[in-house]
Enquirer: 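Here's a structure for you.
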Amino acid sequence: MDKTVKDNVITIDGPAGSGKSTIAKLLSKRLGLTYVDTGATYRTLTLIALENNIDPEDAGAILEIAKKSSIELDSDPDDINQFTRVKLNGRDITEEIRSESVGLAVSVVSKLPEVRKYLVGLQREIAGRNPSVLEGRDTGSVVFPDAILKIYLTAGLDERVKRRQKQNSEKRLPLRESGVKKEIEKRDSIDSSRKASPLIVPDDAVIIDGTDMSIEETYDKIKNLYYERIQLKN
Ligand code: DC
């Protein structure tokens with residue numbers, strides 16, 4: 001891989017609700033990096049499975065359709081409260097991929113090694129075009145293990161539940177009967193225990209526990225680390 005590309009990549013991994021998206025969007029906006037929401041790509045393939053009545057464990061059938069489809073991610077750096085806009089064959093699916101049904105099935109689809117291999121390729125392609133900040137579960141361990149800065153961002157469960165509820169209400173997503181806490185706990189457990197690219201702390205990652213930190217404090221810490229690393233390289 002091109003050295004300059006790795007030097008311009010920040011990865012942020014961590015469990016659901018840890019603040020990865022907010023921080024990644026701030027870094028994108030203020031440092032001029034492309035924001036790559038890798039979770040949105042797993043959600044898109046999950047929607048493909050659900051809409052086409054494909055068993056979410058059937059990687060072959062999901063990929064057959066995915067490979068023929070165009071998937072576009074588009075983040076507006078000026079609007080950090082919005083989700084990445086996703087288009088599937090030109091159709092805006094931003095809202096659909098945040099539905100409860102996709103949220104419940106995405107952990108099944110993202111366990112499939114063939115799906116992961118395909119999406120890691122897509123994520124590297126998108127991030128390879130410009131200096132980028134990637135956010136997800138394996139962006140530092142698998143997608144860009146040589147990134148100049150790898151962050152593992154976490155926070156206590158209650159704090160993560162609180163943040164996710166706030167995020168959902170700000171985005172006017174319907175309240176979920178199953179409860180945000182249950183969904184987060186279930187996804188964390190599947191994401192961390194799966195065989196293919198589980199959520200782990202990547203080698204050499206900087207661990208940040210943001211439970212008692214503000215967004216700005218977390219942002220500053222990561223920005224300073226990024227500048228230090230870049231200076232060291234030059
Ligand atoms: O970040 P998110 O909540 O949109 O991610 C949805 C799911 O996608 C998450 O539960 C696990 C999966 N995912 C993954 O396996 N690897 C990534 N790099 C990003 C997300």
Side-chain angles (χ1 to χ4, degrees), residues 9-25 28 35-50 56-57 59 62 66 71 73 75 82-86 93-127 132-145 147 150-155 157 160-161 163-168 171 173 176 178 180-202 205:
V9 167
I10 301 176
T11 62
I12 306 183
D13 294 299
S18 57
K20 301 183 300 287
S21 322
T22 309
I23 294 296
K25 282 185 245 178
S28 156
Y35 166 50
V36 186
D37 174 357
T38 62
T41 65
Y42 289 95
R43 287 173 179 273
T44 299
L45 263 61
T46 305
L47 184 70
I48 287 178
L50 296 179
E57 308 235 18
I62 297 172
I71 300 170
L73 305 187
S75 297
Q82 292 305 315
F83 286 122
T84 299
R85 297 222 79 77
V86 183
I93 55 163
T94 310
E95 310 288 320
E96 280 104 313
I97 61 167
R98 304 287 158 187
S99 67
E100 184 170 15
S101 52
V102 169
L104 290 170
V106 65
S107 290
V108 179
V109 173
S110 55
K111 273 198 292 194
L112 308 171
E114 301 90 332
V115 163
R116 302 203 67 86
K117 191 169 168 222
Y118 177 69
L119 288 181
V120 166
L122 182 73
Q123 293 154 14
R124 286 187 181 143
E125 189 196 310
I126 298 170
S132 300
V133 53
L134 290 91
E135 171 243 312
R137 305 294 188 289
D138 65 342
T139 63
S141 56
V142 175
V143 188
F144 282 104
K150 295 184 272 182
I151 301 290
Y152 184 85
L153 187 61
T154 187
L157 178 64
R160 293 193 283 118
V161 170
R163 288 181 194 174
R164 187 49 59 95
Q165 273 166 336
K166 184 165 173 272
Q167 194 185 47
N168 286 353
K171 295 192 169 100
L173 289 179
R176 297 170 180 189
S178 54
V180 170
K181 188 166 184 172
K182 252 200 207 148
E183 189 188 319
I184 285 190
E185 277 181 313
K186 187 167 169 226
R187 276 213 283 141
D188 283 355
S189 135
I190 299 178
D191 293 347
S192 307
S193 61
R194 69 178 176 224
K195 269 212 190 102
S197 315
L199 170 64
I200 51 161
V201 178

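Keep in mind that the numbers below use all heavy atoms, side chains included, and drop hydrogens, waters and symmetry copies. For ligands, and for the atoms within them, numbers begin at 1 and follow the listed sequence. A quick note: this is a predicted structure, and the numbers were derived from the prediction, not measured.
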Enquirer: At a 4.0 Å threshold, what atoms of ligand 1 neighbour a non-hydrogen atom of D138?
Expert: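 Listed by number with element, the hits are 16 (N), 17 (C), 18 (N).
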Enquirer: Which heavy atom of the protein is the closest neighbour of atom 16 (N) of ligand 1, given with residue, atom name and distance?
Expert: R116 NH2, 3.0 Å
Enquirer: To the nearest 0.1 Å, how far is atom 6 (C) of ligand 1 from its closest protein heavy atom, and which atom is that?
Expert: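 The protein heavy atom lying closest is R187 NH1, 3.4 Å.
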Enquirer: Is a side-chain donor or acceptor of K20 paired with a backbone partner of L153 at a separation under 3.5 angstrom?
Expert: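 Not a single qualifying donor-acceptor pair exists.
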Enquirer: For T46, does its backbone N or O pair with a side-chain atom of R43 as donor and acceptor, under 3.5 Å?
Expert: no
Enquirer: Heavy-atom contacts with G136 under 4.0 Å: which atoms of ligand 1 show up? List them by number with element.
Expert: 18 (N), 19 (C)
Enquirer: Tell me if a side-chain donor or acceptor on S18 pairs with a main-chain N or O of P15 at a distance below 3.5 Å.
Expert: yes
Enquirer: With heavy-atom distances below 4.0 Å as the criterion, list the atoms of ligand 1 near V106.
Expert: 7 (C), 8 (O)
Enquirer: Ligand 1 versus R98, non-hydrogen atoms closer than 4.0 Å: side chain, backbone, both, neither?
Expert: side chain
Enquirer: For R137, is there an ion pair with D13 - N to carboxylate O distance below 4.0 angstrom?
Expert: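 No, no charged N to carboxylate O under 4.0 Å.
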Enquirer: Of R164, R137, E183, which has the heavy atom at the shortest distance from atom 17 (C) of ligand 1?
Expert: R137
Enquirer: Could you identify the single nearest non-hydrogen protein atom to atom 19 (C) of ligand 1 and state the distance to 0.1 Å?
Expert: T38 OG1, 3.3 Å
Enquirer: Return the closest protein heavy atom for atom 20 (C) of ligand 1 as residue, atom name and distance.
Expert: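 I find the closest protein heavy atom is G39 CA, 3.5 Å.
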Enquirer: Nearest non-hydrogen atom to atom 2 (P) of ligand 1 belongs to which of K186, R43, E135, K20?
Expert: R43
Enquirer: Hey, is D138 close enough to K117 for a salt bridge, meaning N to O under 4.0 Å?
Expert: no
Enquirer: Under 3.5 Å, is there a donor-acceptor pair between the T139 and T38 side chains?
Expert: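 T139 vs T38: no donor-acceptor pair found between side chains.
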Enquirer: Going by the atom numbers of ligand 1, which of them fall below 4.0 Å from some non-hydrogen atom of S110?
Expert: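 With S110 as reference, the close atoms of ligand 1 come out as 11 (C), 12 (C), 15 (O).
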Enquirer: Of all the heavy-atom pairs spanning A24 and E135, show the shortest one and how long it is.
Expert: CB-CB, 4.1 Å
Enquirer: Kindly confirm or rule out an N or O of D37 lying under 3.5 angstrom from an N or O of ligand 1.
Expert: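 For ligand 1, there is no N or O atom that lies under 3.5 Å from one belonging to D37.
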Enquirer: Applying side chain to side chain contact (heavy atoms under 4.5 Å, CB included), run through D191 and S107 and close with a yes or a no.
Expert: CA-CA 7 Å; D191 293 347; S107 290; 3.5 Å; yes
Enquirer: Do any nitrogen or oxygen atoms of Y42 lie less than 3.5 angstrom from nitrogen or oxygen atoms of ligand 1?
Expert: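 No - when backbone and side-chain N and O of Y42 are compared with those of ligand 1, no distance drops under 3.5 Å.
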Enquirer: Without hydrogens or angle criteria, can the side chains of R116 and Y42 be said to hold a donor-acceptor pair below 3.5 Å?
Expert: yes
Enquirer: So, 4.0 Å and heavy atoms of Q123: is ligand 1 close enough to count as a contact?
Expert: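 The answer is no: ligand 1 sits nowhere under 4.0 Å from a heavy atom of Q123.
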